[in-house]
Amino acid sequence: MKTVDLRSDTVTQPTPAMREAMMAAPLGDDVFGDDPSVNALQDQIAALTGKEAALFMSSGTQSNLCAMMAHCGRGDEYIVGQNAHTYRYEGGGAAVLGSIQPQPLAQDAQGQMRLADLEAAIKPDDPHFARSRLLCLENTWNGHPMPDAYLDSMTALARQHGLATHLDGARVFNAAVAAAGVGGNPLAALRAITDRFDSVSVCFSKGLGAPVGSALCGSRELIDRARRWRKMVGGGLRQAGLLAAAASHALDHHVNRLADDHALAQRLAKGLAGINGITVRTAQTNIVFADVADNRGPDLLAHLERQGVLATGLIGLRFVTHLGVDAAGVDRALAAVRGFFDQPVAAGSASRGRAVY
Ligand SMILES: *Cc1c(COP(=O)(O)O)cnc(C)c1O
């Protein structure tokens, strides 16, 4: 039986049509700047995000790192959420490789920092302090789309103090599709989000379903600086058009269908909410977090794995929907969870959960 893999939207396999687009892609050497498929993708994503230029990157981590290094110099700092991907899940790259000090701020359960905390964290020009240079937000965060008013107030305050703004938009297309709603225009919603930021990173290898890749979008000057850093961190790829063609295919064909993933996440959340022993914590866009009673999360994960259903979690569980999962798969996952709680509790059988971000 086919595995229902809900660990992450990074597990998607390229569709047959995407593979065809990859095989048909004209290629060149992108370090010389002459891979037509990379150049086409960069023009496409720059236009979609309303920026002058874009740069194809190996990963979201590389996009964010090069963005921070292009915005900030040695001894500068970036202000960021305590649980933001750039701060917590990217190996401390900005500090390690960029000599950029992070200034993390607390986030609430929806991922939002407080405006007053941001104001207090921005440091005056004084040799005691690192130079506050950049505000970094994330959208979606753990599946949560950021409200317009939050994005407005945070970026306006940053700008007022002379800070640049960067959006970690690994899943910004999910945010755009959620903001557009049924019958709305996700690309207009995307622009409304990205227009607020000086730079934006997007991932093609998550819900959009490409095998590899990300892009950093911003002014031509910023992108030229980022290109130097990308080369230095080993991200200068040669016939990268093979991968860029997959990303272009994803932009052409996989944006609107993110709404299907969101609907499946709601189907899953609704089903989980009806199971005794499970509490759904959040179910936003394509990500569902659920708490498991009596610390049985690791046992439940192991049970699900035996049933061909994969999820992640340490204390609670995380399920992510994507183009490799359908309604039947979600229903199978639900049946497997129900089956677990129908069994008598086995003593001392705890296994270790894994976290995947
Ligand atoms: C996945 C992710 C990244 C990093 O992307 P990789 O391609 O895995 O390096 C950055 N930010 C957020 C919010 C993510 O979810």
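Note that the structure is a prediction, hence the values are computed from the model and not measured. Order of appearance sets the numbers: ligands from 1, and atoms from 1 within every ligand.
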Hey, is the main chain of T10 close enough, under 3.5 Å, to the side chain of H322 for a donor-acceptor pair?
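Absent.
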Could you tell me whether some N/O pair between K206 and ligand 1 is separated by less than 3.5 angstrom?
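Yes, since at least one N or O of K206 sits under 3.5 Å from an N or O of ligand 1.
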With a heavy-atom distance limit of 4.0 Å, tell me whether [X] approaches ligand 1 through its side chain, its backbone, both, or neither.
X    : answer
D168 : side chain
R171 : side chain
C203 : side chain
S59  : both
T10  : neither

Residue-ligand contact Q62/ligand 1, heavy atom below 4.0 Å
no
Residue [X] vicinity, atoms of ligand 1 by number, heavy atom under 4.0 Å:
X   : value
G60 : 4 (C), 5 (O), 6 (P), 7 (O), 9 (O)
T61 : 4 (C), 5 (O), 6 (P), 9 (O)
E90 : 10 (C), 11 (N)

What closest approach, in Å, do L105 and A121 show between heavy atoms, and which atom pair accounts for it?
CD2-CB, 3.8 Å
For Q160, enumerate each residue passing the side-chain contact (heavy atoms from CB on, under 4.5 Å) test, keeping only those at least two apart in sequence or located in another chain.
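L157.
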Listing request: all ring pair (Phe, Tyr, Trp, His ring centres under 6.0 Å) pairs with a residue in residues 229-259, at least two apart in sequence or in separate chains.
H249-H253, H249-H254
Could you tell me whether R196 and D152 make a salt bridge, using a distance below 4.0 angstrom between a side-chain N and a carboxylate O?
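The answer is yes: the pair qualifies as a salt bridge.
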Determine, for R7 against D5, whether the closest basic-nitrogen to carboxylate-oxygen distance falls under 4.0 angstrom.
yes
For a quick check under 3.5 Å, do H166 and D198 share a side-chain donor-acceptor pair by atom type?
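H166 vs D198: no donor-acceptor pair found between side chains.
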